[in-house]
Amino acid sequence: MDRREVLGLSAAAGATSVLTLRGMSFAHARERGREGGSGEESRTVGGHLPNGAPDFVHLPVQVPRGVRELAVSYSYDKPAVPSGTPGNALDIGIFDEHGTAAGGRGFRGWSGGFRTKFAISAERATPGYLPGPVRPGTWHVVLGPYTVAPQGMEYEVTVTLRYGEQGRTPRPVYPPERAGGRGRAWYRGDCHLHTVHSDGRRTPAEVAAAARAAGLDFIATTEHNTTSGHGAWEGLWGEDLLILCGEEVTTRNGHYLALGVDPGTFVDWRYRARDDAYGRYVRRIHRAGGLVVPAHPNCPFVGCQWKFGYAEADAVEVWNGPWTADDEMALAAWDNMLVESCRRGGGDGHGRWTPAMGNSDAHREPQVVGLPQTVVHAGDLSRAAVLEGIRAGRSWLAESSGIGLELSATGPRGEHAGIGERLRVAPDAAVAVRLEVSGVPDGTVRLLTDQGEMRSERLPASGSGTVLWRTTASLAAYVRAEVRHPGQDGGAGLPGPMAAMTNPLWLESI
């Protein structure tokens, strides 16, 4: 049976609007459930969503006893729109009998707009969804009209119940928290990756192989708005590869990584910056042992630009994939944040600053896993040590494992500090800054402070070189380094694409 509905906005929760449709029930469900029968039964509903539709549309589904598998498919129209006007894009997911309340107790999966159908049973589920018993009660198919064309959106949803005996749900196998490593050392990682468990096209096995080929020591699984990838890496980790669990929390006002959380930790995304919700999930991530990292904050696409501020972030992804103009903007904004932390006391040991990260955000070929990567100084190759190094800013970013870099500063009495550390010296004491680089032929090295660029030097064709510079704590609150490829600006003097960059080394007056 087909039921058409023309809908208006009927409910709101804070600034995130929600609309609930009339429920879907099945004509023969009671008889089949009571008799322990087999077979299947389908219902289809359709409707119209106007431009300006709510953020989420809930379709209640009355699930009876005796259901072995629940399957959903959907479609929507994509009419032509004027140039520069968003067209139709409709996401989908599902919550079980525990309900749709914030926090996700009833969450059973989300595929955004990447799949047109999915199925859930006790034994298995479509990637992006969580296997488990299909219990009786009110389930909710959740639609997310991401963008709606001026003409509105026509949609159709089909729910199929397959009756029969429930199977057994496999116990998820999660990655271990420690790998072999090399003791205290620099470890290379890519903490923003996607597989078939959200909108990626690589399998976890393909991502793990690409990570090893890229010379990485650790990676993170960060699927959009789902935890189904946490248990998908069995047999793919090893003494040479640490796998962290996470999520790319994809809100309507920007994306952020819940990085290195306890396996199975779900972070809700159904809120905007105007809602009083983000801080609650920041605390949830921290309780789960993870970090909050705004992702591609200057991405130009709808819903991608970061609107929640940086006060509660543990790090920020200033470099996402191959270097582009939005990375340049993110870098400039981050450098301004460093200067602001100096004003608040960040340069004298009292303020807080936000470290930079670089990740590939690779989804499919030919996107390169490990371009870029974050190189972290950690006590060992473990979840706790790697996250602590990222949080402390003891890290630098590179486009590949073929690039080497070391930045240090030395005071007049042999005092020494490296990336992310503080060198405490008298205000006018001479400080020697040393940068060693390899792997960037004809690159340009830049040393920058809170005043801007203080030193620039060209590397030879070999790509290796050492740059020395002297300063004092009274003249520079911090020093950071950039290594750029030759520019292609026709001599306009603009910096070329980034090859490597560091977090700051702080100079503290005593």
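Numbers for residues simply follow the sequence, beginning at 1.
Of all non-hydrogen atoms in H192 and A295, the two that sit nearest each other are CE1-CB, 3.9 Å. Shown here for P175 and I243, the closest heavy-atom pair between the two residues is CB-O, 3.4 Å. Between W353 and S341, the closest heavy-atom pair is CB-OG, 3.8 Å. A pairwise comparison of heavy atoms in R352 and A311 identifies NH1-O, 3.7 Å as the closest pair. Nearest heavy atoms, W334 versus T354: NE1-O, 2.7 Å. The heavy-atom pair separating T449 from A476 by the smallest distance is CG2-CB, 3.8 Å.
At a threshold of 4.0 Å, the pair R171-E234 does not count as salt-bridged, since none of the basic side-chain nitrogens sits closer than that to a carboxylate oxygen. With respect to R270 and D55, no salt bridge is recorded, no charged nitrogen being found less than 4.0 Å from a carboxylate O. The residues E388 and R391 are annotated as not salt-bridged, no charged nitrogen and carboxylate oxygen being separated by less than 4.0 angstrom.
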**Request:** Evaluate the side chain to side chain contact (heavy atoms under 4.5 Å, CB included) criterion for residues L475 and M454: first the C-alpha distance (whole Å), next the side-chain angles of each, then the deciding distance (0.1 Å), finally the verdict.
**Result:** CA-CA 11 Å; L475 294 175; M454 304 303 291; over 6 Å; no
**Request:** Go through the steps to decide whether D361 and H194 satisfy the test side chain to side chain contact (heavy atoms under 4.5 Å, CB included), and finish with yes or no.
**Result:** CA-CA 7 Å; D361 196 6; H194 297 280; 3.1 Å; yes
**Request:** Quick one: do H416 and S408 satisfy side chain to side chain contact (heavy atoms under 4.5 Å, CB included)? Show the steps, please.
**Result:** CA-CA 7 Å; H416 183 84; S408 63; 3.4 Å; yes
**Request:** Give the C-alpha distance, both sets of side-chain angles, the deciding distance and a yes or no for side chain to side chain contact (heavy atoms under 4.5 Å, CB included) between V207 and I219.
**Result:** CA-CA 9 Å; V207 169; I219 59 173; 4.2 Å; yes
**Message:** What verdict does the ring pair (Phe, Tyr, Trp, His ring centres under 6.0 Å) test give for Y278 and W306, after you've listed the backbone C-alpha separation in whole Å, the side-chain angles of each residue and the deciding distance to 0.1 Å?
**Reply:** CA-CA 12 Å; Y278 168 66; W306 184 246; 5.7 Å; yes
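The side-chain contact (heavy atoms from CB on, under 4.5 Å) with D190 is formed by just one residue from the set V368, T374, V369; it is V369.
A heavy-atom distance below 4.5 Å is not found between the side chains of E365 and R201. Residues L130 and F107 meet the side-chain proximity criterion, which asks for heavy atoms closer than 4.5 Å. Proximity of T126 to I120: side-chain heavy atoms (C-beta onward) are nowhere separated by under 4.5 Å. Side chains of H296 and H255 form a contact here, defined as non-hydrogen atoms less than 4.5 Å apart. Side-chain contact check for R280 versus R284: every heavy-atom pair is 4.5 Å or farther apart. With a 4.5 Å cut-off on side-chain heavy atoms, L407 and W396 do not count as touching. When side chains are defined from C-beta on, R484 counts as touching W323, because their heavy atoms get closer than 4.5 Å. Counting heavy atoms from C-beta outward, L459 and V437 have side chains that approach closer than 4.5 Å.
At least one donor-acceptor pair closer than 3.5 Å links the side chain of S228 to the backbone N or O of G128. A donor-acceptor pair under 3.5 Å links the side-chain atoms of N253 to the main chain of A273, judged by distance alone. Here the side chain of D91 pairs a donor or acceptor atom with the backbone of G113 at under 3.5 angstrom. With S474 contributing its side chain and P427 its backbone, the two residues share a donor-acceptor pair below 3.5 Å. With hydrogens and angles ignored, the 3.5 Å screen pairs a side-chain donor or acceptor of R115 with a backbone N or O of P127. Without hydrogens or angle criteria, N88 side chain to K78 main chain gives no donor-acceptor distance under 3.5 Å. Using a distance-only test at 3.5 Å, with no hydrogens or angles considered, a donor-acceptor pair links the side chain of T147 to the main chain of G87. R455 places a side-chain N or O within 3.5 Å of a backbone atom of L468 that can act as its donor or acceptor partner. A donor-acceptor contact shorter than 3.5 Å is absent between the side chain of T227 and the backbone of H230. No side-chain donor-acceptor contact under 3.5 Å links N225 to the backbone of W110.
In the model, T251 has no side-chain atom that pairs as donor or acceptor with a side-chain atom of Y271 under 3.5 Å. Under 3.5 Å, the side chains of T195 and E223 contain a donor-acceptor pair of N or O atoms. Defined by atom type and a distance below 3.5 Å, a donor-acceptor pair is missing between the side-chain atoms of D428 and T472. Using a 3.5 Å distance cut-off with no hydrogens or angles, the side chains of Y478 and D335 do pair a donor with an acceptor.
Between L193 atom CG and T222 atom OG1 the span is 6.0 Å, to the nearest 0.5 Å. Taking CG of L507 as the reference point, atom CZ of R422 lies at 10.0 Å (rounded to 0.5 Å). Going from atom CZ of R383 over to atom SG of C245 covers 8.0 Å, rounded to the nearest 0.5 Å. Once rounded to the nearest 0.5 Å, the distance linking CD of E248 with CG of D199 reads 8.0 Å. Between the CG atom in L259 and the CD1 atom in I390 there is a gap of 5.5 Å [rounded to 0.5 Å]. Note that the OG1 atom of T250 and the OH atom of Y146 stand 7.0 Å from one another [nearest 0.5 Å].
Other residues, nucleotides and ligands contribute over 12 non-hydrogen atoms within 6.0 Å of the CZ atom of R364.
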